[in-house]
Amino acid sequence: VEARTGQEQKLEWPKTCPVCGGPVEKYESASSYGYQCMDVGRCPAQSAQRLISFARRERMDIEGLGEEVAKQLVESELVKTVSDLYRLEKRQLLTLEGFANSKAQNLLDGIAASKDRGLARLLSALSIYSVGESMAELLTETFSSMDELFAASVDELAKVKGFGPKRAESVYQFLHR
């Protein structure tokens, strides 16, 4: 406060997402706040970030899927959701700038290898709000498959050690939208 000169200007947060034009809403956590685009399913910036997070080494560990490739896949509209990764074909990848036969094959091999990473890593990689690596592990102690998770009620999810009504609702909503 003592360093202020009186020339400071109030920061105006955007009312719409600068990437997709979707609505933005304020979110607050215990230590900070910010604004985020609420057009979750259609915002290309969010889709690219979701892919980058999904592919991280400690999550699905997809070799060849870094920030630039994720952005390229989203911008080309080859990938709109994480599940689209698993439908990619080499001929599609070869249409992208910088993709030759070996780069395309390496990415496809990395995607194929990610199918064996286990349920906890998958749950963590899906970027479900308030479910990171440790919470994903707790979920898999109670639910051993995605089918069991899909069938679980909010009350059943809330009974998982470390979960409560808010986190359970978040998981349930994610799985059912």
Side-chain angles (χ1 to χ4, degrees), residues 17 19-63 65-67 69-71 73-89 92 107-108 110-177:
C17 175
V19 176
C20 74
V24 296
E25 285 185 16
K26 185 177 184 178
Y27 68 90
E28 295 185 45
S29 71
S31 59
S32 67
Y33 75 93
Y35 287 79
Q36 69 184 46
C37 175
M38 299 309 294
D39 204 358
V40 177
R42 292 191 295 243
C43 182
Q46 285 193 39
S47 296
Q49 274 309 126
R50 203 169 293 109
L51 282 181
I52 293 163
S53 177
F54 186 82
R56 286 177 29 200
R57 187 164 314 285
E58 61 275 4
R59 294 192 172 169
M60 298 308 283
D61 192 17
I62 300 177
E63 190 72 35
L65 182 53
E67 186 172 337
V69 171
K71 288 178 182 177
L73 290 170
V74 170
E75 287 170 4
S76 69
E77 298 185 354
L78 289 176
V79 174
K80 293 179 182 171
T81 66
V82 167
S83 61
D84 292 337
L85 279 175
Y86 296 92
R87 290 188 278 275
L88 284 173
E89 297 175 5
Q92 295 171 302
L107 178 56
L108 291 173
I111 292 167
S114 75
K115 293 178 182 180
D116 296 324
R117 303 282 188 246
L119 183 58
R121 286 178 73 169
L122 173 62
L123 291 172
S124 172
L126 288 173
S127 299
I128 303 169
Y129 181 72
S130 77
V131 178
E133 284 84 8
S134 61
M135 290 294 129
E137 288 286 342
L138 292 172
L139 268 177
T140 61
E141 289 174 10
T142 304
F143 304 99
S144 62
S145 71
M146 285 300 283
D147 289 336
E148 287 182 22
L149 276 166
F150 280 116
S153 69
V154 174
D155 290 338
E156 291 170 318
L157 292 167
K159 291 177 185 170
V160 172
K161 176 185 167 190
F163 277 61
K166 261 184 147 172
R167 186 171 283 146
E169 182 68 31
S170 177
V171 171
Y172 184 86
Q173 291 301 322
F174 181 91
L175 293 173
H176 292 90
R177 74 173 138 94

Legend entry - Pairwise side-chain contact, Phe163 with Leu139, heavy-atom cut-off 4.5 Å (strictly under): yes

Legend entry - Non-hydrogen atoms of Gly162 and Arg167 that approach each other most closely: O-NH1, 2.8 Å

Inset, instruction - Evaluate the side chain to side chain contact (heavy atoms under 4.5 Å, CB included) criterion for residues Leu73 and Leu88: first the C-alpha distance (whole Å), next the side-chain angles of each, then the deciding distance (0.1 Å), finally the verdict. - result: CA-CA 10 Å; Leu73 290 170; Leu88 284 173; 4.2 Å; yes

Legend entry - Sidechain-backbone polar pair: Ser114 side chain, Ile62 backbone, donor-acceptor under 3.5 Å: no

Legend entry - Test item: Gln92 side-chain N/O and Leu78 main-chain N/O as donor-acceptor pair under 3.5 Å: no

Inset, instruction - Decide if atom CD of Gln36 counts as having more than 12 heavy atoms of other residues, nucleotides or ligands within a radius under 6.0 Å. - result: yes

Legend entry - Arg42 side-chain N/O to Cys20 backbone N/O, donor-acceptor pair under 3.5 Å: no

Legend entry - Spacing of CD belonging to Glu137 relative to CD belonging to Glu141, to within rounding of 0.5 Å: 7.0 Å

Only pairs under 3.5 Å count here: list side-chain donor-acceptor contacts from residues 118-128, not counting sequence neighbours, and write none if there are none.
{"residue": "Arg121", "atom": "NE", "partner": "Arg59", "partner atom": "O", "Å": "2.5"}
{"residue": "Arg121", "atom": "NH2", "partner": "Arg57", "partner atom": "O", "Å": "2.8"}
{"residue": "Arg121", "atom": "NH2", "partner": "Arg59", "partner atom": "O", "Å": "2.8"}
{"residue": "Ser124", "atom": "OG", "partner": "Arg59", "partner atom": "NE", "Å": "3.2"}
{"residue": "Ser124", "atom": "OG", "partner": "Glu133", "partner atom": "OE2", "Å": "3.3"}
{"residue": "Ser127", "atom": "OG", "partner": "Ser53", "partner atom": "OG", "Å": "3.4"}

Inset, instruction - Provide the closest heavy-atom pair for Ala70 versus Ile52 in the form atom of the first, atom of the second, distance. - result: CB-CG1, 3.6 Å

Legend entry - Over all atoms of both residues, closest heavy-atom pair of Tyr172 and His176: O-ND1, 2.8 Å

Inset, instruction - Would you indicate whether the side-chain heavy atoms of Val131 and Ser170 approach each other to under 4.5 Å? - result: no

Legend entry - Minimum side-chain heavy-atom gap Thr142-Leu157 below 4.5 Å: no

Inset, instruction - Find the distance between CD (Gln49) and CD (Glu67) and round it off to the nearest 0.5 Å. - result: 6.5 Å

Legend entry - Which atom of Val19 lies closest to which atom of Ala45, heavy atoms considered: CG2-CB, 3.8 Å

Legend entry - From Lys159 atom NZ to Ser153 atom OG, the distance as rounded to the nearest 0.5 Å: 7.0 Å

Inset, instruction - Kindly indicate whether the side chain of Met146, heavy atoms from C-beta on, has any atom under 4.5 Å from the side chain of Leu175. - result: yes

Legend entry - Value rounded to 0.5 Å, distance of CZ in Arg87 from CD1 in Ile111: 11.5 Å

Legend entry - ring-ring contact (aromatic ring centres under 6.0 Å, His included) against Tyr35, all qualifying residues, sequence neighbours excluded: Trp13

Inset, instruction - Measure from NZ or CZ of Lys115 to the centre of the six-membered ring of Tyr86 and say whether it is under 6.0 Å with the direction within 45° of the ring axis. - result: no

Legend entry - Among Leu108, Leu107, Val79, side chain to side chain contact (heavy atoms under 4.5 Å, CB included) partner for Leu85: Val79

Legend entry - Non-hydrogen atoms of Arg117 and Asp61 that approach each other most closely: NH2-O, 2.9 Å

Inset, instruction - Identify the two heavy atoms, one from Ala152 and one from Phe143, that lie closest to each other, and give their separation to 0.1 Å. - result: CB-CE2, 3.6 Å

Inset, instruction - With the side chain counted from C-beta on, respond yes when Ser130 and Lys166 share a heavy-atom pair under 4.5 Å apart, and no when they do not. - result: no

Inset, instruction - Flag yes if more than 12 heavy atoms outside Glu25 fall under 6.0 Å of its CD atom; otherwise flag no. - result: no

Inset, instruction - Measure the spacing between CG of Leu51 and CE of Met60 and express it to the nearest 0.5 Å. - result: 12.5 Å

